[in-house]
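Every heavy atom of this structure was used, including side-chain atoms; hydrogens, water molecules and symmetry mates were not. In what follows, chains are A, B, ... by sequence order, proteins preceding strands, each numbered from 1.
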Amino acid sequence: GIWENMQKGLEGLFKETGHENAYFPLLIPMSFIEREKEHVEGFAPELAVVTQAGGKELEEYLAIRPTSETIIYHMYAKWVQSYRDLPILMNQWCNVMRWELRTRLFLRTSEFLWQEGHTAHATAEEAEAEALQMLGVYRTFMEDWIAMPPVTGLKTESEKFAGGVRSYATEALMQDNKALQAGTSHFLGQNFSKQFDLKFQSEAGQEEYAWNTSWGVSTRLVGGMVLTHGDDVGIVVPPRLAPVQVVVIPISRKEEERVAVTEKAHELAARLRDIGVRVKVDDRDYLSPGAKFWEWERKGVPFRLEIGPKDLPKEQAVLVRRVSFGEENRKEFLPENQAVSGMPAWLDTFQANLLQAAKDRREANSHRGVNDLAGLKEIMDGPGGFVYTGWNGDPAVEERVKEETKATIRVIPDPEFRSEKAPGKCIGGGDAKMEVVWAKAY
RNA sequence: CGGGACGUGGCGCAGUCCGGUAGCGCACUUGACUGGGGGUCAAGGGGUCGCCGGUUCAAAUCCGGCCGUCCCGACCA
């Protein structure tokens, strides 16, 4: 249900930016994968390959897609003749498989669900703009829907997509101060179009290779949501993603009460539904009220309405907000009408508070002004979080720091996230060329 | 592939050292009482103790072999 709501939210943003859905095959001929050298080197270790079918060994083995660039650009090459056929702006929702040695539920699984967008453009500038636009779409979605505000920026060479030119990413900080790469957007240049002969005739009549982008988010976002908002009681689901936004729980002692109170609960639920609230009545009579409270809080439902025998004569209801981050005084006695009419606004406030709390945590756990390895190591051995330092761009420094501290460069941050005064010194010594963000990652 | 653990009702575990009627918690079934923060009492159902072999009067327990799973590391959205 949560992933389904994520899909709906993302679909809206994809459509607004002119993309349409398609579907391409699950099995990809090995020769396709092998065509782009860096691509095959990057993905070969985690490929699952079909070697037999119909009781016979296959002449050409088929890879179960780890990502679909190759087969999609193979198809685009057949569709594109002229600059008039561009751009192609497509997205597919599907499963992919990467044979990970170590899995972790929702964060790293052998098979996962995702969307992958693949576009083809006539110019490098247009493709670059598309890659950046989609990075922005992911950021918007993460902030406005998941309340999981990321730092955005460019990936280093060692962390970029295998076969691409540049990778952009959204990196969100979890409550344990580890970073989660939640969405990536790649400028692929002409690497794939050259290998798959994706050519077009330009307005000037010349034959040119198209420029590609690809971008994706996965069910990892669900894991991110859990790690961002969860607490000791269970998960907390932001209202915009919640399959159930309000659960109504009738409370009764005797049979006569049960009928009246349940009837009222369904009435209030119907009224909430009429104003667009996703609501469920929990009228199971074999569970105690307390058991239901715990269950729905564990599942992260934002609000609960209790209707009991004492409330009926007063025409009131008890509103309880899902506790998170040590909030107190959550129970409110409200007139029925108000409990219904106020709900949309309370849901919005709940959503906004989650985002603000997550932003505050991110800022509180971002460390700036660190410019030596010892300082970085101290933070990584201790509290963790995002650490902003200078870097001279040398992969050897990146590698050495990783070995010393277990932290990696999550991104070279976009301007908005850069420190006011960019560090002048590189973490590995000498002058810095840029600022980077370090963190331990999932 | 390296290092470490563990396989016992659906789930989580004790029992293994020191062989002797297979147990506990949760969950499940039925009934009564209960019901505003994980209910109580009573009565029940459910297990080839991972597999194969050995020792023994007797094996969850001791011995040998095999199989499987998980954790830590390398790979990684």
*Just how far, in rounded Å, is C1' of B:rA77 from CG of A:L113?*
13 Å
*Among pairs that include at least one residue of residues 14-34 of chain A, which meet salt bridge (Lys or Arg N to Asp or Glu O under 4.0 Å), considering only residues two or more places apart or in two chains?*
A:E11-A:K15
_Please classify the nucleic acid contact of A:E306 as base, sugar-phosphate, or nothing, using heavy-atom distances under 4.0 Å._
base
*Compute whether any side-chain donor of one residue and acceptor of the other, for A:T389 and A:W438, lie under 3.5 angstrom apart.*
yes
*asked:* Between P on B:rG73 and NZ on A:K440, what's the gap in Å once rounded to a whole number?
replied: 11 Å
*Residues touching RNA chain B, which here means a heavy atom under 4.0 Å, drawn from residues 243-269 of chain A*: A:I251, A:S252, A:R253
*A:G308 or A:Y442: which one's nearest nucleotide on RNA chain B is closer to the 5' end?*
A:G308
*asked:* Filter on ring pair (Phe, Tyr, Trp, His ring centres under 6.0 Å), then keep only pairs touching residues 96-116 of chain A, sequence neighbours left out; what's left?
replied: A:F112-A:W114
_Flag side-chain contact, heavy atom, 4.5 Å: A:M148 against A:F141_ = no
*Given atom CZ of A:R304 and atom C1' of B:rG37, what is their separation to the nearest angstrom?*
7 Å
_Let me check I have this right: for RNA chain B, each base becomes ., (, ), [, ] or |, based on Watson-Crick or G-U pairs with both distances under 3.5 Å. What is the full string?_
((((((((.[[[[.)....(..]]]].((((((.....)))))).....[[[[[..)....]]]]])))))))....
Let me have the donor-acceptor pairs involving side chains of residues 248-255 of chain A, under 3.5 Å, with sequence neighbours excluded, atom names and distances please.
residue : atom : partner : partner atom : Å
A:R253  : NH2  : A:E257  : OE2          : 3.4
A:E255  : OE1  : A:R258  : NE           : 3.4
A:E255  : OE2  : A:R258  : NH2          : 3.4

*What pairs meet the side chain to side chain donor-acceptor pair (under 3.5 Å) rule with one or both residues in residues 287-296 of chain A, with sequence neighbours excluded?*
A:D282-A:W296, A:R284-A:E295, A:E295-A:K299
*Residues two or more places apart in sequence or in another chain: which of them pass ring-ring contact (aromatic ring centres under 6.0 Å, His included) with A:F161?*
A:H39, A:F43, A:H186
*Nearest whole angstrom, please: distance from the P of B:rU34 to the CG of A:L287.*
18 Å
*Would you mind classifying the nucleic acid contact of A:V318 as base, sugar-phosphate or nothing, using non-hydrogen atoms under 4.0 angstrom?*
base
*Under the ring-ring contact (aromatic ring centres under 6.0 Å, His included) test, which residues partner A:W3, sequence neighbours left out?*
A:W93
*asked:* Whether the side chain of A:D285 and the base of B:rG35 hold a donor-acceptor pair under 3.5 Å is what I'd like checked.
replied: no
*With a centroid cutoff of 5.5 Å and a plane-angle limit of 30°, would you call A:F112 stacked on B:rA77?*
yes
*Side chain of A:E297: nearest nucleotide among B:rG36, B:rG37, B:rA77?*
B:rG37
*ring pair (Phe, Tyr, Trp, His ring centres under 6.0 Å): which pairs involve residues 297-317 of chain A, sequence neighbours left out?*
A:F303-A:F350
*Across the strands shown, which category fits A:L107 at heavy-atom distances under 4.0 angstrom: base, sugar-phosphate, nothing?*
base
*asked:* For the base of B:rG38 and the side-chain ring of A:W294, does the geometry meet a stacking cutoff of under 5.5 Å between centres and under 30° between planes?
replied: yes
_Categorize A:S167 for me: base, sugar-phosphate, or nothing, with a 4.0 angstrom heavy-atom threshold over every strand shown._
nothing
*Closest listed nucleotide, where the reference is the side chain of A:T184 and the choices are B:rA77, B:rG38, B:rG37*: B:rA77
*Return the set of residues passing ring-ring contact (aromatic ring centres under 6.0 Å, His included) with A:F417 (not counting sequence neighbours), or none when no residue passes.*
none
*Starting at CG of A:L227 and ending at C1' of B:rA77, how long is that distance when rounded to a whole Å?*
15 Å
*Classify the side-chain pair A:S167/A:T184 by whether it contains a donor and acceptor separated by less than 3.5 Å.*
no
Protein-nucleotides 39-45 of chain B N/O pairs closer than 3.5 Å?
residue : atom : partner : partner atom : Å
B:rG39  : OP2  : A:S288  : OG           : 2.6

*Which residues pass the ring-ring contact (aromatic ring centres under 6.0 Å, His included) test with A:Y61, sequence neighbours left out?*
none
*Remember a base hit wins even if backbone is also touched, and classify A:R284 as base, sugar-phosphate or nothing at under 4.0 Å, heavy atoms.*
nothing
